[in-house]
A.B. asks: 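This is the structure I want to talk about, given as C-alpha cells.
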Amino acid sequence: MRMVDLIRKKRDGQPLTREEIRWFTEGYVKNEIPDYQAAAMLMAIYFQGMNRDEIAELTFAIRDSGERMDFSAIKGVRADKHSTGGVGDKTSLIVGPIVASLGVVVAKISGRGLGHTGGTVDKLESIPGYRTDLSEEEFINVVNRTGIAIVGQSRDIAPADKKLYALRDVTSTVESIPLIVSSIMGKKLAADDDVIVLDVKTGSGSFMKTEEDSRNLASILVDTGKKAGKKIMALITDMDRPLGVNVGNALEVEEAIETLKGNGPEDLVEVCTELAGWILKLADKAETIEEAREKVKSVIADGSALFKLQQMIAAQGGDPRVVDDFTFFGKAKVEKEVKAKRSGYISFMNTEEIGRASLLLGAGRNTMADVIDMTAGIKLLRKTGDYVNEGETIALFYTTNRSRLDAAEAAYEGALTFSDEAPVLPPLIRGTVE
Ligand code: URA
C-alpha cells in the first residue's frame with residue numbers, strides 16, 4: 001500500500017477499506033507515515049467525510065492502537081457515562097455515586113480539563129489526598145470493594161488518538177464528525193464497559209454549537225458503539241447556559257455533594273436524573289425510565305448516593321470529611337462580588353466565555369503543562385432567564401491572585417446579554433438518540 005494512493009482515494013470521495021484504514025492508523029502511530037501525508041489525509045476526510053462503516057473502522061483502529069482495559073476481574077454490570085464537555089458540568093461526580101448505590105459498577109477513567117471546559121480528574125484532585133493515579137490492581141480492588149472508582153488515564157490508551165488529535169489541532173481539522181467520533185469512541189471503547197450513556201452537549205459552551213450538528217454527532221456515536229456490541233444511547237443536553245451554579249474545581253465538587261444531599265440546583269438535578277436513569281435502564285436495573293427516575297430520587301433522599309461518594313473518596317485516599325465540611329477544600333485568598341451593570345433579564349450567557357472567565361481566575365489551563373488553582377472559580381448567582389437589578393451581586397469570583405480579576409471580569413461581562421423582556425428558554429434535555 002502507498003499512502004499517496006490512499007490520500008487520492010479519499011480526496012476523490014471514495015470509501016477506504018478496513019485494511020487501508022488500519023494500515024494508515026498503525027503506520028502513523030509507528031512514525032512510518034510522515035505528518036505531511038497524515039495531515040493531507042485528515043483534510044481529505046474533513047472535506048469528503050466518511051460513511052458509518054469507515055467511521056467504525058477508524059474508531060476500532062484507534063481503540064486497538066494501544067492498551068485495552070481488562071475488567072473481567074470486576075463483578076457486575078459495568079457502566080460509564082461520557083460527556084462531550086461543557087462548563088459547570090460536574091455530572092460524573094453525581095451520576096457515578098447514584099448508579100453505584102443502585103448496584104451498577106462504575107470503573108471510570110476520566111480526563112483533565114483543557115481550554116474553557118473542565119475535567120473530572122482535576123475536580124477530584126481538589127479533594128485533599130484523593131489519588132487519581134491508582135495502579136490497575138488498586139483500581140480493581142476499590143471497584144470490587146465499593147462499586148465505584150474514578151481515576152485518570154495512566155496507561156497507554158489509544159495513542160493513535162493522541163497523535164491524530166495533536167495533528168488535527170494544528171491543521172484545522174478538529175471539527176470533522178468522523179474524526180470527532182473516532183477520537184471519542186476510540187478511547188471509550190478501550191475501557192471494558194457493558195453500558196455507555198453519552199451526554200452530547202449543544203450550544204455556545206460546547207464544541208457543537210447547533211442542535212442539528214449535535215444530533216448528527218450523537219447518532220453516529222451511538223451507531224459506532226452499537227457496532228462494538230455496547231448497550232449505548234445518547235442524551236442531547238443544553239450547553240447554552242452553564243450547568244448548575246458553580247464553575248471551578250473544588251467549587252464543583254462542593255456543588256456535587258450538595259446535589260447528593262438533595263440541595264442541587266434544578267437544571268443540574270434534571271440532567272443527572274436523566275443520565276443516571278438511562279444508565280439504570282440500559283443496565284436492567286429498572287424496566288422503564290420513569291421507574292429509573294424514581295430510584296434516582298430515592299437514593300438521593302435516603303443518603304445512600306452521598307454515602308457512596310464518601311466511600312469512594314476514602315477508598316482512593318481522599319479526606320472523606322470534605323463531604324460534611326467544605327473548609328477541608330481550603331479557601332481562595334480573594335473573593336469578589338460582581339455586580340450587574342444594568343437592570344433587565346439575562347437573555348443569553350455565552351457559555352464558552354463564562355468558562356474562559358473561570359480559566360482566567362486560575363481554574364483551568366491553556367496548555368496541559370499549566371497548573372490549576374483548585375479553589376478558583378465562579379458562583380453564578382444569576383443565570384439566563386433571571387431578572388436582575390442594577391448594582392445587584394450576580395456572581396462571586398474566587399482566585400488566589402488579585403491581578404487575575406480584571407481580565408476575568410471583562411470576559412464574564414462580555415458573555416452576558418440583557419433584555420427588557422423575559423427570554424423563552426429551550427428545554428434542558430433536547431432529546432434522546434437510542
Ligand atoms: N473530544 C475528544 O476526545 N475528541 C474530539 O475530537 C473532540 C472531543
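Note that the structure is a prediction, hence the values are computed from the model and not measured. Just follow the structure's listing: the first ligand is 1, and inside any ligand the first atom is 1.
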A.B. asks: With Ile94 as reference, evaluate Ile300, Ile257, Leu260 under the side-chain contact (heavy atoms from CB on, under 4.5 Å) test and give the passing residue.
C.D. replies: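 In the set Ile300, Ile257, Leu260, the residue that makes a side-chain contact (heavy atoms from CB on, under 4.5 Å) with Ile94 is Leu260.
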A.B. asks: Below 30° counts as parallel, above 60° as perpendicular, anything between as tilted: where do the rings of Phe139 and Phe71 land?
C.D. replies: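 Because their plane-to-plane angle lies in the 30° to 60° range, the rings of Phe139 and Phe71 count as tilted.
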A.B. asks: Does one side chain, of Thr399 or Asn401, offer a donor that lies under 3.5 Å from an acceptor on the other?
C.D. replies: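 No - no donor-acceptor pair under 3.5 Å links their side chains.
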A.B. asks: In terms of atom number and element, which parts of ligand 1 are under 4.0 angstrom from non-hydrogen atoms of Phe207?
C.D. replies: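 So the atoms of ligand 1 that pass are 7 (C), 8 (C).
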A.B. asks: I need the nearest protein heavy-atom contact for atom 1 (N) of ligand 1: residue, atom name and distance, please.
C.D. replies: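 I find the closest protein heavy atom is Ile184 CG1, 3.7 Å.
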A.B. asks: Which of the atoms in ligand 1, numbered in the order shown and given with their element, are less than 4.0 Å from a heavy-atom of Ser183?
C.D. replies: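 Close to Ser183: 2 (C), 3 (O), 4 (N), 5 (C), 6 (O).
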A.B. asks: Of all the atoms in ligand 1, which lie at a distance below 4.0 Å from a heavy atom belonging to Ile180?
C.D. replies: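 So the atoms of ligand 1 that pass are 6 (O), 7 (C).
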A.B. asks: Decide yes or no for Met239 and Ser83: does some side-chain heavy atom of the first lie under 4.5 Å from some side-chain heavy atom of the second?
C.D. replies: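 Answer no - side chains too far apart.
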A.B. asks: Is there a polar contact between ligand 1 and Tyr165, counting only N or O atoms under 3.5 Å apart?
C.D. replies: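 N/O-N/O distance below 3.5 Å does not exist for this pair.
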A.B. asks: Can a side-chain donor-acceptor contact be found between Ser182 and Thr59 if the only test is distance below 3.5 angstrom?
C.D. replies: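 The answer is no; no qualifying pair exists.
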A.B. asks: Can you list the steps and then say if Glu211 with Arg215 is a salt bridge (charged side-chain N to carboxylate O under 4.0 Å, His left out)?
C.D. replies: CA-CA 6 Å; Glu211 198 169 319; Arg215 259 178 210 285; 3.4 Å; yes
A.B. asks: Under 4.0 Å from any heavy atom of Lys187, which atoms of ligand 1 are there?
C.D. replies: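 Those of ligand 1 that fall under 4.0 Å from Lys187 are 2 (C), 3 (O).
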A.B. asks: Polar-atom distance check: Arg168 versus ligand 1, any N or O pair below 3.5 Å?
C.D. replies: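 So ligand 1 has an N or O lying under 3.5 Å from an N or O of Arg168.
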